[in-house]
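When reading the values below, keep in mind they use all heavy atoms of this one structure, side chains included, and skip hydrogens, waters and symmetry mates. Remember, predicted model here, so these are calculated numbers, not experimental data. Atoms within a ligand are numbered from 1 in the order they appear, just like the ligands themselves.
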Amino acid sequence: MKVTPIEGPFGVTVEGLDLSRDMSDETLRALIALLHEHQILAIKGQSLSNEQYVRFGYQWGKPLNFMIDSHKRDDFPEMIRINNKADTPQRYRDGAMHWHCDSTYEEVPASVTMLYGIEAPDVGGETLLASTSLAYDGLDEAMKARIEDMTALHCLGGSPELPGEKIPFFPDQTARRGVQRNLLVMRHPVTGRKSIFTSGTAFGAEGLERDEGRDLIDTLRRHITRPEYTTHYKIEAGDIFLWDNFQTLHSATEIEYSDEDGKRRLLYRISTKGIPDLCRQAEAA
Ligand SMILES: [Fe+2]
């Protein structure tokens with residue numbers, strides 16, 4: 001397989017691999033290592049059945065049960081539908097157009113998210129990505145020391161918004177799920193690499209006054225989304241695009257809601273929790 005850097009500070013694409021024929025441990029180990037090293041990974045030119053895609057998803061962890069039932073396929077509930085159909089209700093539009101990582105409002109946040117491109121619009125539909133591990137490396141020593149053992153508080157839609165963002169808030173879900181706690185400095189569960197773990201759900205930190213905690217999260221979110229830590233990728237048909245939620249934030253960009261040829265988008269998302277079985281086996285060996 002051919003590995004090429006994505007334009008920008010991080011990420012790679014892989015070509016010359018057919019996952020419908022080769023999902024061997026050796027291939028999967030290579031892909032897992034690429035994702036952990038480069039934070040985002042685009043596997044080009046794939047043509048998988050739903051069964052094969054779901055099997056691929058299970059190689060990265062346990063697929064999570066998404067909170068919005070209508071977005072899940074009835075036959076493959078691991079697969080979360082993302083499209084831009086013209087009749088999409090307003091409440092489901094642009095819900096991902098802010099910097100976040102996935103499911104940080106749950107007790108166990110998502111580890112990996114993958115999107116399989118079935119249809120892509122001719123124009124638009126880019127995903128923005130920020131490396132939270134590169135951003136951690138770029139913090140000054142005083143800030144690293146300040147946040148080293150801090151615990152961040154998370155709830156749905158909790159973070160301070162950055163310019164141009166609108167973080168969706170779900171009061172019912174928040175009441176049900178409550179406040180989650182995560183270390184602000186994430187140690188990657190496989191590599192141990194440090195990153196800043198804020199998402200669009202962090203709103204404060206344990207031991208800090210409300211405003212002070214909010215200011216700290218705001219400062220870190222601004223830092224992470226600086227141009228030197230960000231890139232973008234447009235998912236084309238046949239791409240499987242993965243990001244490591246422990247080392248990245250992502251944001252959707254504006255897309256037209258349309259059923260017309262050349263404007264439709266259909267992606268199938270699978271997000272997992274925990275680490276790949278292959279990494280667990282490596283640990284035990
Ligand atoms: Fe997301």
Original post:
Counting only heavy atoms not in K62, do more than 12 sit closer than 6.0 Å to its NZ atom?
Top reply: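 No, not enclosed.
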
**OP:** Count the heavy atoms belonging to other residues, nucleotides or ligands that lie under 6.0 Å from CD of E107, then report whether that count exceeds 12.
**Re:**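 No, not enclosed.
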
Subject >> Donor-acceptor side-chain pairing of Y233 and D239 below 3.5 angstrom >> reply: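 The answer is yes; a qualifying pair exists.
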
Original post:
What closest approach, in Å, do L220 and L184 show between heavy atoms, and which atom pair accounts for it?
Top reply: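 What the structure gives for the nearest pair is CD1-CD2, 3.8 Å.
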
**OP:** Can you see which heavy atom on E161 is nearest to which on I167, and at what distance?
**Re:**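 Nearest heavy atoms, E161 then I167: OE2-N, 3.4 Å.
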
Original post:
Is the NZ or CZ atom of K144 both under 6.0 Å from the centre of the six-membered ring of Y136 and within 45° of that ring's axis?
Top reply: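 Yes, cation above the ring, under 6.0 Å and within 45°.
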
Subject >> Total protein N, O or S atoms, the Fe ion (ligand 1), separation less than 2.8 Å >> reply: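 Every protein N, O or S atom under 2.8 Å from the Fe ion (ligand 1) counted, the figure is 3.
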
